[in-house]
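Lettering follows sequence order; numbering is per chain, from 1.
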Amino acid sequence: MARLIPKGRATSYGAIAQYIGMKSSRMVGWAMAGAASQKNVPAWRVVNRNGELTGASHFETPTQMQELLNAEGVDVKDNKIVDFKRVFWNPNEEL
DNA sequence: ACCGTGACGTGTC
DNA sequence: TGACACGCCACGG
């Protein structure tokens, strides 16, 4: 799922949960925790509904998530995505 | 089998 | 706007 997220965009746990049909968004986060260490899964493009990088601490370094997003053109300030609503990518609209 | 915990989300007060 | 409660479900103790 995370691999479907376009570069330079980001989505929320809830959006993914909704897309998959999962009732619990917590499970999405749980799944991402395991994917964070995997280079082929852009888990850094998944944040909470406020655009906060809440899972940054699960990466190799707490700043890596922000670094990666910055590298893709996503502005991150104080561990939050700037203008998240504009960067937000809704998988349900891509159906 | 029970309980606490967690990268969450939504609803109340 | 901030704090709290509750639903959700996999995992470890």
Side-chain angles (χ1 to χ4, degrees):
Chain A
M1 181 62 220
R3 281 188 291 244
L4 299 181
I5 305 174
K7 180 183 178 185
R9 307 292 294 284
T11 191
S12 68
Y13 302 95
I16 293 177
Q18 193 177 350
Y19 175 83
I20 301 175
M22 182 165 309
K23 309 296 183 188
S24 172
S25 45
R26 302 182 75 106
M27 298 312 314
V28 179
W30 176 77
M32 287 295 105
S37 57
Q38 304 209 201
K39 167 193 165 189
N40 59 321
V41 181
W44 57 88
R45 293 183 190 148
V46 185
V47 296
N48 68 6
R49 76 187 192 106
N50 297 313
E52 300 173 46
L53 283 49
T54 51
S57 56
H58 291 261
F59 284 78
E60 297 180 16
T61 66
T63 58
Q64 189 165 71
M65 191 174 184
Q66 181 171 326
E67 296 289 320
L68 288 166
L69 284 170
N70 265 320
E72 295 185 349
V74 179
D75 217 9
V76 178
K77 197 69 176 180
D78 190 40
N79 237 38
K80 305 186 202 68
I81 293 179
V82 177
D83 203 355
F84 179 55
K85 46 189 298 182
R86 193 179 58 185
V87 181
F88 182 71
W89 177 76
N90 192 331
N92 302 293
E93 293 180 353
E94 300 293 322
L95 284 175

Other ILVMFWY residues reachable from Ile81(A) by side-chain steps of under 4.5 Å:
Trp44(A), Val47(A), Leu53(A), Phe59(A), Met65(A), Leu68(A), Leu69(A), Val74(A), Val76(A), Phe84(A), Val87(A), Phe88(A)
Shortest non-hydrogen contact between Asn92(A) and Ala15(A), atoms and distance:
ND2-O, 3.7 Å
Identify, residue by residue, the members of residues 44-54 of chain A with a heavy atom below 4.0 Å from DNA chain B, and return them in order of residue number, or none.
Val46(A), Asn48(A), Arg49(A), Thr54(A)
Would you name the heavy atoms of Ala56(A) and Pro62(A) that are closest together and state the gap between them?
CB-O, 3.3 Å
Which atom pair, heavy atoms only, marks the closest approach of Ser25(A) to Ala17(A)?
CA-CB, 4.0 Å
Using whole Å, report how far CE of Met22(A) lies from C1' of dC9(C).
9 Å
Ile20(A) with Trp30(A), same ILVMFWY side-chain cluster at under 4.5 Å
no
Within residues 25-33 of chain A, which residues have any heavy atom lying less than 4.0 Å from an atom of DNA chain C?
Arg26(A), Met27(A), Trp30(A)
Same apolar cluster: Leu4(A) and Val41(A), side chain cutoff 4.5 Å:
no
Are Met1(A) and Val28(A) in one and the same hydrophobic cluster, where Ile, Leu, Val, Met, Phe, Trp and Tyr link if side-chain heavy atoms are under 4.5 Å apart?
yes
To the nearest angstrom, how far is Ile16(A) atom CD1 from dC9(C) atom P?
17 Å
Restricting to non-hydrogen atoms, name the atom on Ala2(A) and the atom on Pro42(A) that form the minimum distance, rounded to 0.1 Å.
O-CG, 3.2 Å
Give a yes or no answer on whether the side chain of Asn48(A) reaches the backbone of Asn50(A) with a donor-acceptor pair at less than 3.5 Å.
yes
Of all nucleotides in DNA chain B that come within under 4.0 Å of a heavy atom of chain A, which is furthest toward the 5' end and which toward the 3' end?
dG6(B) to dT10(B)
Does Ala36(A) reach a base, just sugar-phosphate, or nothing at all? Heavy atoms under 4.0 Å.
base
Listed in order of residue number, which residues of residues 76-88 of chain A have a non-hydrogen atom at under 4.0 Å from DNA chain B?
none
Considering only heavy atoms from C-beta outward, does the side chain of Trp89(A) approach that of Arg45(A) to under 4.5 Å?
no
Could you tell me whether Glu60(A) atom CD has more than 12 heavy atoms of other residues or ligands within 6.0 Å of it?
no
Please report the closest heavy-atom contact between Ser12(A) and Val46(A), naming both atoms and the distance.
C-CG1, 4.3 Å
Select base, sugar-phosphate, or nothing to describe what Ala56(A) touches, counting heavy atoms under 4.0 Å on all strands.
nothing
My understanding is that only residues two or more places apart in sequence, or in another chain, count here; which of them pass salt bridge (Lys or Arg N to Asp or Glu O under 4.0 Å) with Asp83(A)?
Arg86(A)
